Asks: 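What follows is a structure written as structure tokens; I'll ask about it next.
Note that this is a predicted model, so its numbers are computed, not measured. Just the heavy atoms: all of them, side chains too, but no hydrogens, waters or symmetry mates, feed the values below. So that the names make sense, note that chain A is the first sequence line, chain B the second, and so on, each numbered from 1.
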Amino acid sequence: MSQILFTLFSLFTVVCAVGVVASKNAVNGAMCLLLCLAGVAGLFVQLHAYLLAFLLLLVYAGAVVALFLFIIMLLDTQGGRAWRFQGLQLAAALVGLGLLLAGLNLLAVRGRLPAPVPVVSAGAPLKNYAYQLFTTYLLPVQVIGFLLLIAMLGVIVLSKRFDAKGEA
Amino acid sequence: MHPSLESYVLLSALLFVIGFFGVLLRSNTLVIYMSLELMLVAATLALVAFSQYNGTIDGDVFVFFILTVAAAEVAVGLAIIVALFRRKQTILVSDLDSLKN
Amino acid sequence: MDLKTLPIDSPDARIAVAVLLIPLISAAVIALALRRRGGIAAAISVLAAAAVAVGALQLALAGGRFQASVEWLRFGSFSISLGIRFDDLAALMLSIVGIVGLCVHVFSLTYMADDSAKARYFAGLSVFMFSMIGIVLAENLFMIFVFWELVGFSSYLLINHWFERPAAAAAAKKAFIVNRVGDLGFLLGIVACYWLQGTVSLGELAARAAAGSLIYSRAVPLLLFCGAVGKSAQLPLQVWLPDAMEGPSPVSALIHAATMVAAGIYMLCRIHVLMVPEALNVIAWVGTFTALYAAVCAIPQRDIKKVLAYSTVSQLGYMVAAFGLGRGGAGEGAAMFHLTTHAFFKALLFLGAGSVIYGCHHEQDIFKMGGLRSRMPLTFWTFTIGVAAIIGFPGLAGFFSKDAILALAFENNRAIFALLALTAVLTGFYMVRLWKIVFLGACQSDQAKHAHEGGIALVLPLLALAVLAVLGGYRGLYPHDVFAGVLAEVPEAEGSLQTFLLIASILIVIIGAGAALAFYRPPASGISEDSLERASPGLFGALVVWQQSFDRIYGYYVAKIQQRFAILLNYVDIVGISGIAVRGVAGIAEMAGMGARKVHTGRVSTYVYWFLAGVVVLWAFAAGILSLQR
């Protein structure tokens, strides 16, 4: 059962990802991203990371993609071209593909991943997350807070319009 | 019957590569940025898979941070793109060549 | 004969250094301050020459014999020092340089009186005096070489005095270049000497020779002899001396007769400890052939100075041959003795020629002179003494020195003796020819008719040198036996050999002079013509070809071989060096720059590709494909 679900969700995610990259219209791309994120959220649920699934949907799909859509519509793009292959790009793409295949090969042949452990916990309760965040990972939490502050300031500065006299 | 860890890692790699191709091949800055986000999501997927299969919670907690950083990054990045658009009236990466030669 | 080693600030050494530096100071003062004031420049230069003469005689007659040196440069174990080696040889040479130099300076006062570049001339003379004294006093071969080059430079300067004349400029170049060829051999010899012996100091070499620890080689003396070949105009580098007559007559007297060309002989005497029998043999034959060749060349000459120039080459050949023949000091003695007497009478002859040229308003063709005996009596009588001295008239200086050389030759190498005797006959022949055509007979041109003596400054040096030419051969007359170290070595024939040589010398004089007196007659009509040319044009033509042969060979070599080689090298330079090496390197740098520029496309996608490339490299490292270790 979970295998089927997994296949379904992964297929869905991949198709949407390709849609993000390949779509001509940026808005279409943003919509595909949204759906892709939904697929990934489903996969998270399968991995029993329920909190993360919802956080993904709330933060990523809800805020980030929405912001993307705002900006796309603000900038009123004319719709770029889809991909066009030039010589060097083709070469680089092929190299990338080759890397992928080689990596997969390595993984398959020499991967030392642990044998699939029939899983375990039915997902950790929220308390565990909180506990980790406030003890082991306290420093990163503080740093992230600081980072958010700076990002906010940065965005405010960047988006000011300066007139000719150099004043905002 | 659960899917093996390899499948999750494979899926994550696939998403990552798709996002990477998007960065390489598209000329619309916003689409490039979205592909970037796709790559980040792929990384989070791998992290969660590993965390699940090792029975620890560290991977999950780390995804928190990735999410936060991604949000901040998107905000700043989009602000930069908007400022760039005000200057150059374009968002096509192929037009941004003031550093040429 | 050991010399005392004195410190450089002892009184004798100080006088020697003063004698060396006074002409240099004079030249510097003239060059820096007195360029336009010819009169004052002349006075300063003459005073300097007088000071040098006084100092030289003081050192030679009253001072002791010594050596002194200071270390100048040191590179690890290799050191170069500057010093003075004042033995009898140096004393003799210094006296000659001083006396003849003074005479020439005084003579120049009148001769160059209305020259426009008098100051430059006198500065050149002072530079020459400095350089020549440097060679005389030098303590090691390196110093000799430095002053050697300086002497060559001052010779160039003075030959080129009237540089507006293309002939003079060409002659100066020729002199310098031919000298350079000889100097190359000289320099190689010095290097070889240092490499072999570990020292170039003459004192050191003499000490080692006395102790028996000198390393002999055949190459070193022959290479050093190359320098003498160049400087003393021996075959095959004698071509520059006749051309050097483009300079003023006093210059020819001082430089190209008495002192500079004698420097080669002097140098040979200085390094006599290095000689080996094979080298001496070569030297003797080179000298003999030079003497004979030049004597034949002198016969068809029209220019009074050219005759004297070839005569100088011939006499230098005598000196070189004498050096080469000698065993155990006799060679140096004979050569230096002849050098001394030759300096006196050749300077006398050149100054006399200068007086004649001056009197005839700068006419140098002897067939336009004639009859000067009555018009310039003092010049005539002094010139006659000079001619008599050079042909070996018994009783005069040249007789004794030539006798010594012939004695040496007779004892050691009969073939050379025969050739030298033949050369002596020819010497008599062409010198008397010159004397007769210039002074006797009727005047051949208006200038000769209006000739007159030039004044006291011209005549006084002539008289002084005439006295020396007469008395210089009597070695007993040299005060206090001062030059005993050299003059005592002069070979003297004894007994039957002496009588034989006496008779032979007298016969040589009679045959040579008599033939010339009888043969050369002034032409019936007023056309100036050589009697020999008139009598036998074939022989005359052959003599001219003989004289020009060397110049023709060198000209051919330079034009055909050297010039083509130079063109080839020029091509290599343009294509290879500046084209490929210089511009090629610049081109490569430029292309590298252009290539680097192309990387900065300014497009984000390009940079992302570079990221990919970096990732590939990192992945290769991670996978173990690339590795930093072997």
Side-chain angles (χ1 to χ4, degrees), chain A residues 2-3 6 10 13-14 17-18 20-21 26 29-30 33 36-37 40 43-44 47-49 52 55 59-60 63-64 67-68 71-72 74-75 77 80-81 83 89 92-93 96 100 103-104 107 111 113-114 116-121 124 128-129 132-133 137 140 144 147-148 151 154-155 158-159, chain B residues 1-11 13-15 17-22 24-28 30-31 33-35 37-38 41 44-45 48-49 51-55 57-58 60-65 67-76 78-83 85-86 91-92:
Chain A
S2 47
Q3 191 72 27
F6 170 76
S10 51
T13 313
V14 169
V18 173
V20 169
V21 171
L33 184 62
C36 182
L37 285 169
V40 173
L43 285 168
F44 276 6
L47 286 169
H48 304 288
L52 285 176
L55 271 179
V59 171
Y60 236 115
V64 170
L67 191 58
F68 259 111
I71 301 299
I72 289 171
L74 174 71
L75 298 186
T77 62
R81 291 155 287 180
W83 29 31
Q89 280 184 329
L100 171 65
L104 290 174
L107 198 58
L113 297 172
V117 170
V119 165
V120 161
S121 47
N128 289 8
Y129 284 105
Q132 288 298 317
L133 276 176
Y137 293 100
I144 290 277
L147 182 77
L148 282 172
V155 169
L158 276 172
S159 48
Chain B
M1 186 57 214
H2 291 276
S4 60
L5 183 57
E6 277 88 1
S7 346
Y8 278 106
V9 172
L10 176 63
L11 177 63
L14 197 58
L15 283 176
V17 169
I18 293 172
F20 187 67
F21 278 172
L24 278 183
L25 301 172
R26 295 302 302 264
S27 58
N28 191 337
L30 288 160
V31 174
Y33 215 42
M34 285 195 289
S35 314
E37 297 308 312
L38 194 55
V41 163
T44 44
L45 179 61
V48 172
S51 139
Q52 168 67 264
Y53 275 92
N54 286 336
I57 205 175
D58 296 295
D60 289 352
V61 173
F62 206 70
V63 172
F64 261 102
F65 299 128
L67 235 41
T68 321
V69 166
E73 168 211 343
V74 166
V76 175
L78 287 175
I80 291 176
I81 291 176
V82 167
F85 180 78
R86 277 199 212 137
I91 51 164
L92 289 185

Asks: Heavy-atom pairs under 4.5 Å with chain A: which of B/Val74, B/Val61, B/Val69 has the most?
Replies: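 Highest number of heavy-atom pairs under 4.5 Å: B/Val61.
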Asks: Pick one of side chain, backbone, both or neither for B/Val17, based on which atoms fall under 4.5 Å of a heavy atom in chain A.
Replies: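 Just its side chain gets close to chain A.
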Asks: Among residues at least two apart in sequence or on other chains, which ones pass side-chain contact (heavy atoms from CB on, under 4.5 Å) with A/Ser10?
Replies: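 Expected list: A/Phe6, B/Leu11.
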Asks: Checking heavy atoms, do the side chain of B/Val31, its backbone, both or neither come under 4.5 Å from chain A?
Replies: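 When you check distances to chain A, only side chain atoms of B/Val31 fall under 4.5 Å.
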Asks: Go through the structure and list residues passing ring pair (Phe, Tyr, Trp, His ring centres under 6.0 Å) with B/Tyr33, not counting sequence neighbours.
Replies: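 Once residues adjacent in sequence are excluded, the partners of B/Tyr33 under the ring pair (Phe, Tyr, Trp, His ring centres under 6.0 Å) criterion are A/Phe68.
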Asks: So do B/Leu78 and A/Val155 actually touch side chain to side chain, heavy atoms under 4.5 Å?
Replies: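 Contact flag for A/Val155/B/Leu78 side chains = no.
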Asks: How about B/Val63 and A/Leu55: do any of their side-chain heavy atoms sit closer than 4.5 Å?
Replies: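 In short, these two side chains do not touch, never coming nearer than 4.5 Å.
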Asks: Of the backbone (N, CA, C, O) and the side chain (C-beta and beyond), which part of B/Leu15 lies under 4.5 Å from a heavy atom of chain A, both, or neither?
Replies: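 Only the side chain of B/Leu15 comes within 4.5 Å of chain A.
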Asks: Just so I understand: if I count every heavy-atom pair under 4.5 Å between each of B/Phe64, B/Tyr8, B/Phe62 and chain A, which residue has the most?
Replies: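 Of the options given, most contacts go to B/Tyr8.
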Asks: Does any heavy atom of chain B fall under 4.5 Å from the side chain of A/Leu33, the backbone, both, or neither of them?
Replies: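 For A/Leu33, side-chain heavy atoms alone lie under 4.5 Å from chain B.
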Asks: Using side-chain heavy atoms (C-beta onward) and a distance below 4.5 Å, is B/Val76 in contact with B/Ile80?
Replies: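 Of all side-chain heavy-atom pairs linking B/Ile80 with B/Val76, at least one is under 4.5 Å.
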Asks: Does a side-chain heavy-atom distance below 4.5 Å link B/Leu38 with A/Cys36?
Replies: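 Yes, at least one pair of side-chain atoms sits under 4.5 Å.
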Asks: Could you tell me which portion of B/Ser51 (side chain, backbone, both or neither) has an atom closer than 4.5 angstrom to a non-hydrogen atom of chain A?
Replies: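 For B/Ser51, there is no contact with chain A at all, as no heavy atom is under 4.5 Å.
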Asks: With rounding to the nearest 0.5 angstrom, report the CG to CZ distance, A/Leu158 to B/Arg86.
Replies: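 Reported value, rounded in 0.5 Å steps: 9.5 Å.
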Asks: What part of A/Tyr60 lies closer than 4.5 angstrom to a heavy atom of chain B: side chain, backbone, both or neither?
Replies: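 It is the side chain, since no backbone atom gets that close.
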Asks: B/Ala71, B/Ala79, B/Ala70, B/Gly19: which one forms the most heavy-atom pairs within less than 4.5 Å of chain A?
Replies: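 So the answer, after comparing B/Ala71, B/Ala79, B/Ala70, B/Gly19, is B/Ala79.
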Asks: So which atom in A/Val21 and which in B/Gly22 form the shortest heavy-atom distance, rounded to 0.1 Å?
Replies: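 Closest approach of A/Val21 to B/Gly22, heavy atoms only: CG1-CA, 3.4 Å.
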Asks: Chain B heavy atoms under 4.5 Å from A/Ala63: which part of the residue, side chain, backbone, both or neither?
Replies: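 Contact with chain B: none, neither part.
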Asks: Would you mind checking which part of B/Phe20 comes under 4.5 Å of any heavy atom in chain A, side chain (CB onward), backbone (N, CA, C, O), both or neither?
Replies: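 For B/Phe20, neither part sits under 4.5 Å from chain A.
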Asks: Against chain A, label B/Glu37 side chain, backbone, both or neither, depending on which of its atoms sit under 4.5 Å from a heavy atom there.
Replies: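 The answer is both parts of B/Glu37.
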